[in-house]
Amino acid sequence: PDAQRVFRLLGVPSSIDFTAPAVAALADCELGMAEHVLDELVDRHLLEEPQAGRFRLHDLLRAYARSLAARLPERERQRCLVDLYDHYLSTAITTVLPDSTEAVHRHLTDHRPRRPDLVPSASGPDWLQQERPNLVGAVRHAAEQGVQPYPWHLALVLWRHLYERGHYEEILETQGLALAACEKAGDRAGAAVAHNYLASAYHLFGRLDLAKQHVQSSIALCREVGDDLGDYLAQGNLAAVLAELGQVREAIDTVRATTSIRPEPTRSILRRLSNVAGAHMILGDYRQALHLQRLYLFRARTSNDETQILRALAHVGKVRSMLGEAEPAIRLLRAVIARKVRLDNPYGVSEAHNDLARAYRAMGRLDEAEKHHRIALRMVGEVGHAYLKAEVLTDLGETLHAAGDPRAADSYAEALELSTGTGFLYFQGRALAGLAECVRETRPDTARRYLERAHAVFVKMNIPARHDIAR
């Protein structure tokens, strides 16, 4: 293709910048030809190359290219979009496999690239992060243009990266667009997947009511289309939401009810073990939780899934800190933090810092405990994970109270406000009990009222903590 044609085609997609493989897909030409034309456009000052191998249009030139692209035949524009989106999707699949979600394996493993010659030259460990703005823009543009199934396929392959890097707003946007596109196209299977992952976004922001609604919609659609495994996965996510809504025993029953579904993939087993262990932790059954987390770790190691291994190690460390086994918990959690920092996983790092703080508190090293709580609080504020923030604030309150620091009441009060607004019953109860402890000596009547409210919360949840409050 000549430089004029390529310049015009660059106005078709919404991409912020381009690589040579992307342009080769867009222009339907060989990679070497695309590299030659891009160099020519840079020499003519029609393109910028701010980073080696990445090219972009100046805003005024972008507007001009789009005006030229608008004159292209609709068939040509659609061909460009499909080829580019397919290149993005094919490369993303190659990048995330085999360490990806069960849904990616089920729905995208059999995808056949339209241009397989371009995929090896584009993929790499940092490719998803570099292309993230373009991929999010591609979901948006594909949904607007009705280019199915790319909106939900791209949103699906992006989900884990966005989750682990803390880009929660983009999960909400991409999965919402994917769902709308599937509903418009009558794609019930795609809508079931989008509902499930949209539920994860609302869960992250503490909108448990909407998370429950979307995951239930996913379950209903899976049953309509006969997707037993999708039903199973969504049931596991429903259990997690139920536990955080305070319906802990219902959560355990939900997970147990799915055990008859076969085949049961390794990642699904890990998710089930994690969900049940979390419920047992809320119930105060730490020995059973530790048994399940160790089983989770064994399964993760068997599958050689590094992400799940680190998550399991962190959870083992968390439970051991709750059991008062501080020294082994600290060793585990410090190793997890070091590895998750290298993997750029801010949620995992913040969670591990908070668990590490709990272990230091158990050893009476309260200054170090507060330091790690503060690190966790700062990081969780950056990623916007409401549930973890409520947990960190509650745990910080306990550490400050143990140190005789009056700021404990402020931390508990903030945790209570956040938990009440989001429906996190467990942290509501803990924050109320903590506030009672803060004023027990100076305002016993106020302390009693706080305890009565905490008791009501734990009775509603039907967990053993209600007996401790009653005493």
Side-chain angles (χ1 to χ4, degrees), residues 203 232-233 235-261 264-303 305 308-333 336 348 351-352 354-359 361-362 387-388 390-391 394-395 398 424-430 433 454 457-471:
H203 171 261
Y232 170 87
L233 295 171
Q235 291 276 4
N237 292 334
L238 176 61
V241 174
L242 290 173
E244 292 178 17
L245 282 168
Q247 301 168 33
V248 183
R249 299 186 189 279
E250 292 88 338
I252 293 174
D253 290 342
T254 297
V255 172
R256 286 174 176 165
T258 65
T259 56
S260 62
I261 296 178
E264 190 174 17
T266 298
R267 288 174 180 81
S268 303
I269 295 171
L270 296 178
R271 181 176 301 177
R272 179 156 62 88
L273 288 169
S274 177
N275 289 339
V276 176
H280 279 286
M281 288 169 68
I282 292 175
L283 290 171
D285 188 359
Y286 298 132
R287 286 295 171 191
Q288 179 64 12
L290 182 60
H291 168 72
L292 292 169
Q293 297 292 9
R294 282 173 168 162
L295 185 56
Y296 175 11
L297 177 60
F298 171 77
R299 293 275 193 171
R301 282 175 169 160
T302 301
S303 64
D305 186 330
Q308 296 297 336
I309 290 170
L310 285 173
R311 190 173 182 222
L313 285 169
H315 289 178
V316 169
K318 180 174 188 171
V319 181
R320 295 193 75 171
S321 72
M322 290 178 167
L323 285 166
E325 300 172 4
E327 290 188 6
I330 288 170
R331 288 196 299 271
L332 275 175
L333 291 165
V336 167
E351 183 180 35
N354 190 58
D355 295 335
L356 182 59
R358 188 185 294 109
R361 183 176 70 224
Y387 186 83
L388 182 55
E391 182 175 9
T394 306
D395 287 338
E398 291 186 6
F424 298 144
L425 286 182
Y426 181 57
F427 296 119
Q428 284 181 46
R430 284 184 59 193
V457 169
F458 292 140
V459 166
K460 184 176 181 180
M461 294 180 67
N462 191 26
I463 62 175
R466 69 189 191 277
H467 302 305
D468 298 330
I469 297 294
R471 286 195 292 270

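Nothing here was measured: the structure is a model prediction, and the numbers come from that model.
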Determine the minimum heavy-atom distance between Ala329 and Gly317, stating which atoms define it.
-> CB-O, 3.4 Å

Under a 4.0 Å N-O cut-off, is there an ion pair linking Glu391 with Arg358?
-> yes

Test log, rule side chain to side chain contact (heavy atoms under 4.5 Å, CB included), inputs Leu356 and Ile330 | CA-CA 6 Å; Leu356 182 59; Ile330 288 170; 3.8 Å; yes

For the side chain of Arg320 and the backbone of Pro328, is there at least one donor-acceptor N/O pair under 3.5 Å apart?
-> no

Are Asn354 and Lys318 side-chain neighbours, meaning at least one heavy-atom pair lies under 4.5 Å?
-> no

Derivation and outcome, side chain to side chain contact (heavy atoms under 4.5 Å, CB included), residues Val336 and Asp355 = CA-CA 11 Å; Val336 167; Asp355 295 335; over 6 Å; no

Under 3.5 Å donor-acceptor, Arg361 side chain and Glu398 backbone = no

Working to the nearest 0.5 Å, report the span between CG of Leu242 and CG of Asn237.
-> 11.0 Å

Heavy-atom closest pair (Leu323 atom, Arg287 atom, distance to 0.1 Å) is CD1-NH1, 3.8 Å

Only one of His291, Gln308, His315 passes side-chain hydrogen bond (donor to acceptor under 3.5 Å, both in side chains) with Tyr296, and that residue is Gln308

Would you give the length of the straight line joining atom CG of Leu310 to atom CG of Leu332, rounded to the nearest 0.5 angstrom?
-> 11.0 Å

Value rounded to 0.5 Å, distance of CG in Leu283 from CE in Met461 | 8.0 Å

If every non-hydrogen atom of Ala251 is compared with every non-hydrogen atom of Ala243, which pair is closest and at what distance?
-> CB-N, 3.8 Å

Straight-line distance of Thr302 OG1 to Ile309 CD1, nearest 0.5 Å | 9.0 Å

Please name the pair of heavy atoms, one in Gly429 and one in Ala454, separated by the smallest distance, quoted to 0.1 Å.
-> O-CB, 3.6 Å

When rounded to the nearest 0.5 angstrom, what is the spacing between CZ in Phe458 and CD in Gln428?
-> 9.5 Å

Arg301 and Leu313: which non-hydrogen atoms are nearest, and at how many Å?
-> NH2-CD2, 3.9 Å

Candidate pair Phe427 and Arg430, rule side chain to side chain contact (heavy atoms under 4.5 Å, CB included), full reasoning = CA-CA 5 Å; Phe427 296 119; Arg430 284 184 59 193; 3.6 Å; yes

Evaluate the criterion side chain to side chain contact (heavy atoms under 4.5 Å, CB included) for residue pair Leu297 and Gln293; output intermediate values, then yes/no.
-> CA-CA 6 Å; Leu297 177 60; Gln293 297 292 9; over 6 Å; no

Would a 4.5 Å heavy-atom cut-off, applied to side chains only, mark Val248 and Tyr426 as touching?
-> no

Output the distance between atom CZ (Arg249) and atom CD1 (Ile463), rounded to the nearest 0.5 Å.
-> 8.5 Å

Considering all heavy atoms of both residues, which atom of Ile252 and which atom of Ala279 are nearest to each other, and what is their separation?
-> CG1-CB, 3.6 Å

